[in-house]
Structure formats: structure tokens, C-alpha cells
Amino acid sequence: VSKNEGWDWEPRGSVTSGATWLIENTVVELDDGKLLMFFRTLKGLIYRSTSADKVHLSKPGETQYAHMAMIESMANGTLVAAFQASSGVEGSNDQHIVYATSTDVAGLYWTPAEPLPVPRMAAQWSPVMHTDSKGHLWLFYTEGRNCKFNVSPPRWMPGGDIKVTKWTPSSSKWKTPRTIYPQSAGGGVPKVLANKMIVLSSGEWALPYWSEKHSTGTCAFDSTAEGAAGLLGYSWTIAEATSLPNPDSKIHMLKLDDGMLALAYNNHGKLTRSLRRSRTFLDVAVSANQGSTWTKLARLESAEQPGLRAHYPTLHQVGCTLYVAYSKFYHEEYAYRSTNSSAELGINLAALDLR
């Protein structure tokens with residue numbers, strides 16, 4: 001195979017039958033990303049073989065994966081977006097937080113994304129941003145501690161220690177991050193973020209997180225530790241089901257300036273067959289009765305393609321505009337479709353007029 005359009009080549013695997021010569025072979029790439037090879041033989045039959053692994057699209061240092069988009073306004077009104085990115089797949093060793101700022105008030109044009117300039121020892125996950133009353137931009141995120149899946153190559157489990165850094169307008173620099181809630185708390189289960197923190201009427205800040213426990217991997221959990229979601233220092237009623245469907249995908253709820261609630265979510269349950277890895281029907285709905293009932297405001301995505309995912313939305317209001325940042329990509333089983341897709345893959349931003 002060659003990774004640079006024919007200039008350099010390297011051997012990549014071989015096939016044997018044990019019974020006959022395999023010669024004059026021909027190869028194609030299948031829809032699932034694997035390779036299929038047919039051979040002429042001396043047995044009077046055509047033989048076939050399928051590769052055990054898939055074509056790997058990543059190039060070192062190149063962003064192939066971008067997810068968990070967060071959007072916020074800086075003190076001067078500039079929009080800022082942050083997300084997790086890697087040159088491979090989710091949980092790769094080089095996964096890190098990147099951010100970009102808009103160069104216009106409407107968020108149509110953006111600076112190139114650049115890495116968050118903080119030390120990194122493991123995969124970084126799920127940035128959450130907040131601009132305080134002094135104009136400081138806070139960025140919360142998690143960083144892996146010692147939990148990886150038992151796969152080859154190893155991949156980090158989501159979450160870890162919850163950390164925070166801060167950008168100050170006086171210095172235009174990011175502060176050295178500090179850990180505000182370690183993975184070791186609560187039995188050593190990784191802590192994961194996904195959605196915005198809020199400022200309560202008491203002046204307290206509330207940051208939602210959850211603990212995500214996996215049954216296999218390199219983690220040494222306390223046997224009594226369980227996965228859970230909540231806010232530090234608060235108790236809650238037992239969670240009960242609503243009528244809203246969900247395909248195992250992130251949602252985001254925001255209290256609008258007029259007191260109504262807005263919810264962004266994939267408006268379907270788990271799909272089956274060829275669409276089982278897909279997420280679509282990305283809707284924004286509003287509620288005037290504290291979330292008891294919802295009215296659809298807009299549908300942002302409706303494509304139904306195998307493996308295509310438009311999901312993980314984050315809402316942000318600026319005046320009469322409701323922004324929705326979300327990621328759109330093919331599930332890694334269908335990553336081969338990315339190079340020939342007409343879909344706008346990557347981090348997407350939609351703007352809804354609330355007037």
C-alpha cells in the first residue's frame with residue numbers, strides 16, 4: 001500500500017491457502033471498509049479472501065475525529081467554540097481539546113481551530129465553557145487517569161479527572177489547569193462532562209457530570225462503585241421516564257431569556273438494521289410548562305444514511321438567536337464513507353431566529 005499517492009510503498013499482509021498457488025490477484029474495498037481479494041489458482045476454481053481489519057483513513061497529525069462541541073460568548077461578544085479532536089478515533093492517545101473563535105458577529109466565519117495550550121498526559125474530553133461577570137472564560141474538561149479499553153491499539157475510556165483552566169482578557173492567556181474533582185473520588189470511576197454549567201439564583205455555580213463505569217479495561221474500580229449522574233452537593237428525586245425518545249445520544253436543555261425551556265435532541269429511539277449506527281432527526285423543541293410538554297421549534301438534520309451521525313448538540317442564546325453546535329460524522333465502522341460524502345462533516349453550527 002501507499003499513503004502518499006504512489007511515491008512510497010510498504011507491504012501490508014499476505015494470503016495463503018495451504019493447498020494451491022494464489023496468483024493474478026485482484027482487490028476491491030467493500031462497503032464496510034474491509035478488502036476483498038480474488039485469486040486465480042491451479043485448482044480450476046477462483047479463491048477469495050477478506051481482510052480482517054478495515055482501511056484506516058487517519059494520517060498522523062491530521063484531525064479525523066471531532067466531537068463534543070461547546071459554544072459560548074466571550075465578554076466582547078465574540079463566539080468561541082471548543083471540542084475534542086484526534087488524528088484517529090475516539091479515545092486515541094493524541095485526543096485533545098481545540099478551540100476557535102468567530103471573526104464575525106453572526107458566527108459565519110471562524111479562525112482555524114488550535115489546541116488548548118495546557119499540559120496533557122492522556123486523552124482530553126468534553127470541554128465545557130462559561131464566561132463570568134469579570135469577562136474570564138472558564139473551560140472545564142476531563143482528562144484520562146488510568147482507564148483504557150482492552151483493545152489494540154489501546155483507547156482511553158471517556159472521562160477521568162475533572163479539570164478547569166481560565167482565559168483572562170488582561171493577559172490573553174490560559175491559566176495552568178487544576179483538578180476540581182478527581183477520578184479517585186467515588187470509587188475511582190472516571191468522571192465525564194457533556195453540558196454547560198449554570199449560575200444559580202444563589203450565585204452558586206452548578207456543573208453537571210456523571211461517572212461512567214465499564215465492565216472491562218485497565219481500571220481498578222472499587223467493587224461498590226456505581227455509575228451515576230448529578231451535581232456535587234445536591235440530592236435528587238429518583239429519575240423517571242419521559243415520553244421523549246433517545247438513541248443513546250447527548251441532549252442539551254437551556255433556559256431561555258423569556259423563561260421558556262429549549263431542548264436539543266435526536267428525536268428517535270434506537271434504530272435497527274442498516275441504520276443501527278445512525279443518529280438523525282436532530283430537533284430543537286421548547287416548553288412553556290417546565291418540561292412537561294414540548295413543541296418542536298426546528299429540525300436541523302433529517303438524513304438517514306448508514307452510519308451517519310448528526311448528534312451531541314449544545315445550545316447557546318444570544319439575544320433573539322439560538323445557536324446549536326453539534327458534530328456530524330460517520331461511525332467508525334462506516335468511516336470509509338467520509339471521503340466520498342457530500343454531507344457537511346465535522347463541527348456544525350446552526351442559528352435559529354426566536355422572534
Side-chain angles (χ1 to χ4, degrees), residues 31-33 65-70 83-84 89-91 125-126 149 157-159 192-196 208-216 226-230 236-255 260-315 322 324-335 337-338 341 343-350 352:
D31 287 347
D32 64 0
Y65 164 82
H67 196 29
M68 299 297 286
M70 177 62 52
F83 52 94
Q84 63 193 40
V89 295
E90 182 171 288
W125 302 83
S126 50
F149 292 109
M157 293 181 183
V192 194
L193 303 176
N195 283 313
K196 289 191 171 188
Y209 77 97
W210 75 96
S211 303
E212 187 167 314
K213 184 177 182 179
H214 293 269
S215 58
T216 61
E226 296 290 342
W236 296 81
T237 61
I238 295 175
E240 56 186 31
T242 71
S243 60
L244 299 171
N246 183 262
D248 288 348
S249 181
K250 171 184 175 300
I251 61 176
H252 185 224
M253 183 169 58
L254 180 70
K255 188 175 183 179
M260 295 184 69
L261 303 181
L263 180 72
Y265 68 112
N266 291 100
N267 192 3
H268 63 86
K270 290 185 177 181
L271 303 176
T272 58
R273 301 194 179 190
S274 65
L275 296 178
R276 67 188 183 91
R277 297 296 193 186
S278 305
R279 291 170 181 166
T280 184
F281 304 152
L282 185 59
D283 286 359
V284 177
V286 293
S287 173
N289 54 13
Q290 300 185 52
S292 296
T293 58
W294 296 88
T295 301
K296 185 170 73 174
L297 178 66
R299 172 156 289 177
L300 306 180
E301 296 279 353
S302 58
E304 295 180 85
Q305 297 180 29
L308 184 60
R309 296 182 156 194
H311 59 165
Y312 279 65
T314 297
L315 298 166
L322 182 62
V324 190
Y326 61 95
S327 52
K328 188 174 183 179
F329 55 78
Y330 284 94
H331 184 273
E332 58 191 71
E333 290 184 8
Y334 295 83
R337 293 177 179 265
S338 300
S341 175
E344 296 181 344
L345 305 181
I347 302 300
N348 283 252
L349 181 66
L352 304 177

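Excluded from the calculations below are hydrogen atoms, water molecules and symmetry mates; all remaining heavy atoms, backbone and side chain alike, are included.
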- [ ] With the side chain counted from C-beta on, respond yes when R276 and L271 share a heavy-atom pair under 4.5 Å apart, and no when they do not.
- [x] no
Task: K270: partners by salt bridge (charged side-chain N to carboxylate O under 4.0 Å, His left out), with sequence neighbours left out - done: D248
Task: Euclidean distance, L193 CG relative to M70 CE, rounded to 0.5 Å - done: 8.5 Å
Open item on the list: For a quick test of reading the model, state the closest non-hydrogen atom pair linking Y326 to A350 and the distance between them.
Closed with: CE2-CB, 4.5 Å
TODO: May I ask you to decide if T280's main-chain N or O and E301's side chain share a donor-acceptor pair within less than 3.5 Å?
DONE: no
Task: Side chains of Q305 and Y330, donor plus acceptor under 3.5 Å - done: yes
Open item on the list: If you apply the rule side-chain contact (heavy atoms from CB on, under 4.5 Å), what do you find for L322 with L315, and how did you get there?
Closed with: CA-CA 7 Å; L322 182 62; L315 298 166; 4.1 Å; yes
TODO: Quick one: pull up CD1 in I251 and OG1 in T314 and give me the separation to the nearest 0.5 Å.
DONE: 11.5 Å
Task: Atom pair CG/OH of N195 and Y312 - distance to nearest 0.5 Å - done: 10.0 Å
Open item on the list: I'd like to know if the side chain of N348 and the backbone of A325 have a donor-acceptor N/O pair within less than 3.5 Å.
Closed with: no
TODO: Could you tell me whether the side chain of S327 and the main chain of G346 form a donor-acceptor pair under 3.5 Å?
DONE: no
TODO: Kindly indicate, with the supporting measurements, whether the criterion side chain to side chain donor-acceptor pair (under 3.5 Å) is fulfilled by E332 and Y65.
DONE: CA-CA 9 Å; E332 58 191 71; Y65 164 82; over 6 Å; no
TODO: Please round to the nearest 0.5 Å and tell me the distance separating atom NE2 of H268 and atom CD of E304.
DONE: 8.5 Å
- [ ] Any chance you could measure R309, atom CZ, to H67, atom NE2, to the nearest 0.5 Å?
- [x] 8.0 Å
Open item on the list: How close do P247 and G269 get, counting heavy atoms only, and between which atoms?
Closed with: CB-O, 3.5 Å
Task: Residue pair A303 / L308: nearest heavy atoms and the distance that separates them - done: CB-CD2, 4.1 Å
Task: Check: F281 ring centroid to H311 ring centroid under 6.0 Å - done: no
Open item on the list: Contact between R273 and P306 at the side-chain level, heavy atoms closer than 4.5 Å - yes or no?
Closed with: no
TODO: For N289, enumerate each residue passing the side-chain hydrogen bond (donor to acceptor under 3.5 Å, both in side chains) test, keeping only those at least two apart in sequence or located in another chain.
DONE: S287, T293
TODO: Count the heavy atoms belonging to other residues, nucleotides or ligands that lie under 6.0 Å from CE of M253, then report whether that count exceeds 12.
DONE: no
Task: Any donor-acceptor N/O pair, S278 side chain to G307 backbone, under 3.5 Å - done: yes
Open item on the list: For V284, run the side chain to side chain contact (heavy atoms under 4.5 Å, CB included) check against V324, N267, L263 and tell me which one passes.
Closed with: V324
- [ ] For K250 and P313, indicate whether the former's side chain and the latter's backbone hold a donor-acceptor pair under 3.5 Å.
- [x] yes
- [ ] Not counting sequence neighbours, list each pair that qualifies as a salt bridge (charged side-chain N to carboxylate O under 4.0 Å, His left out) and has a residue in residues 277-286.
- [x] R277-E333, D283-R299
- [ ] Kindly say whether A310 contributes a backbone atom to a donor-acceptor pair with the side chain of N266 at under 3.5 angstrom?
- [x] yes
Task: Point-to-point distance, once rounded to the nearest 0.5 Å, from CE of M68 to CZ of F83 - done: 13.0 Å
Open item on the list: Please give me the minimum heavy-atom distance between W294 and A262, naming the atom from each residue.
Closed with: CZ3-C, 4.0 Å
- [ ] Applying side-chain contact (heavy atoms from CB on, under 4.5 Å), run through Y265 and L244 and close with a yes or a no.
- [x] CA-CA 9 Å; Y265 68 112; L244 299 171; 3.8 Å; yes
Task: For A69 against I347, the heavy-atom pair lying closest together - done: CB-CG2, 3.8 Å
